[in-house]
Amino acid sequence: MPGCFKKTLFALASLISFVSFILIVVAMGIPKWMTGKILCKTGADLVNATDPELVKFIGEIYYGLFRGGKIRQCGLGGRRSKFTIFPHMVKKLNTGLHVMIIMFLCVAIFFSLVSFGFCILNAIKVPYRAINGPAGACLWNFLAGGFVVLGVTSFMAAVKLHHLTERIANFRENVFQFVILEERFEDCFWICVASATAHAANLLLIAISGIHFPKIKTKTEEVNVTAEDIMY
């Protein structure tokens with residue numbers, strides 16, 4: 001049986017792995033990965049709008065991995081609309097990259113659950129096989145965190161290098177053209193970053209569990225028995 005200190009560390013690591021699993025699932029389902037401000041360039045150019053008048057042509061956009069929405073401001077008031085990435089919009093985006101982001105996060109979910117199981121196993125008993133012990137728990141945490149990092153990095157590449165926000169903003173816009181004024185990574189993106197950080201923290205906890213602390217030995221006082229003690 002593992003010691004109390006080791007049990008506590010692996011119990012904490014298993015809790016962190018489970019929380020990481022929940023965080024990734026929640027992040028994938030909420031459409032708040034990116035928000036931004038979009039300018040209706042066509043409408044602004046038509047009326048030759050100056051700086052004070054540009055407010056009437058600045059709308060908003062938000063989106064996640066599967067859906068999102070936007071507010072179009074083209075001089076006649078705001079028009080709200082919602083959209084889904086699959087199955088139609090994904091054809092206008094970098095399909096391979098977008099699917100890779102989702103796959104990376106799905107694999108990270110799987111490895112988070114495997115990490116959770118291994119940490120529970122090590123908290124209950126000392127496995128006979130090394131791969132089932134701390135080495136295995138480190139491996140699964142490393143893989144889970146690594147795939148989250150790959151997913152987050154791929155999303156950043158889609159936004160910055162492949163102009164994801166601009167492509168989504170101009171989807172099925174035959175008359176008006178929108179340009180991006182501002183982009184912000186939102187809660188769901190940072191939740192995934194927190195998930196990767198959680199797995200890094202798990203690696204640290206597992207490393208600490210392998211440290212063998214010296215045991216404190218107490219000296220026992222020697223009892224001197226004399227002849228007088230025996231007589232009494």
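Scope of the values below: all heavy atoms of this structure, side chains included, with no hydrogens, waters or symmetry mates. If you're wondering where the values come from, they're calculated on a predicted model, not measured in any experiment.
Partners of Arg172 according to the salt bridge (charged side-chain N to carboxylate O under 4.0 Å, His left out) rule, which considers only residues two or more places apart in sequence or in another chain, do not exist here.
Between Ala144 and Ala108, the shortest heavy-atom contact is O-CB, 3.7 Å. Scanning all heavy atoms of the two residues, the minimum distance from Gly133 to Asn122 falls at CA-OD1, 3.1 Å. Here the closest non-hydrogen pair linking Gly59 and Gln73 is CA-CG, 3.7 Å. Of all the heavy atoms in Cys192 and Val148, the pair that sits closest is O-CG1, 3.1 Å. Annotation for Lys70 and Ala169: closest pair NZ-O, 2.7 Å, computed over non-hydrogen atoms.
At a threshold of 4.5 Å between side-chain heavy atoms, the hydrophobic network of Ile, Leu, Val, Met, Phe, Trp and Tyr places Leu93 and Leu97 in two separate groups.
Residues Ile168 and Met89 have side chains in contact (heavy-atom distance under 4.5 Å, counting atoms from C-beta outward). Contact of the Tyr63 side chain with the Leu164 side chain is registered, since non-hydrogen atoms from C-beta on lie closer than 4.5 Å. Proximity of Leu205 to Leu12: side-chain heavy atoms (C-beta onward) are separated by under 4.5 Å at one or more points.
Looking at His199 and Ser115, their side chains never bring a donor and an acceptor atom within 3.5 Å of each other. For the 3.5 Å distance criterion, the side chains of His98 and Ser154 fail to qualify, holding no donor opposite an acceptor. Side-chain N/O atoms of Arg184 and Thr35 include a donor and acceptor closer than 3.5 Å.
Distance CZ/Phe83 to OG/Ser81: 7.5 Å, rounded to 0.5 Å. How far OG1 of Thr165 is from NZ of Lys160: 7.5 Å, rounded to the nearest 0.5 Å. Atom CZ of Phe10 is separated from atom NZ of Lys125 by 14.0 Å, given to the nearest 0.5 angstrom. To the nearest 0.5 angstrom, Ile102 atom CD1 is 10.5 Å from Phe155 atom CZ. Atoms CD1 and OG, from Ile16 and Ser195 in turn, are 11.0 Å apart once rounded to the nearest 0.5 Å. Atom CZ of Phe176 sits about 13.5 Å away from atom NZ of Lys41, to the nearest 0.5 Å.
For Phe116 and Phe21, the ring centers are positioned 6.0 Å apart or more.
If you run side-chain contact (heavy atoms from CB on, under 4.5 Å) between Met103 and each of Val99, Leu105, Ile101, only Val99 comes through. Put simply, the residue from Ile208, Leu139, Asn141 that forms a side-chain contact (heavy atoms from CB on, under 4.5 Å) with Leu203 is Asn141.
With Tyr62 as the aromatic partner, Lys32 meets the cation-pi criteria of under 6.0 angstrom to the ring centre and within 45 degrees of the ring axis.
Using a cutoff of 4.0 Å between basic side-chain nitrogens and carboxylate oxygens, Arg72 and Glu173 are scored as salt-bridged.
Not a single donor-acceptor pair under 3.5 Å links the side chain of Thr153 to the backbone N or O of Leu150. For Ser20 (side chain) and Ala198 (main-chain N/O), no donor-acceptor pair under 3.5 Å exists by modelled atom type.
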Is there a salt bridge (charged side-chain N to carboxylate O under 4.0 Å, His left out) between Glu60 and Arg80? Walk through the geometry before answering. CA-CA 9 Å; Glu60 297 178 358; Arg80 295 179 178 272; over 6 Å; no
Is there a side-chain contact (heavy atoms from CB on, under 4.5 Å) between Leu65 and Trp33? Walk through the geometry before answering. CA-CA 8 Å; Leu65 299 180; Trp33 280 65; 3.8 Å; yes
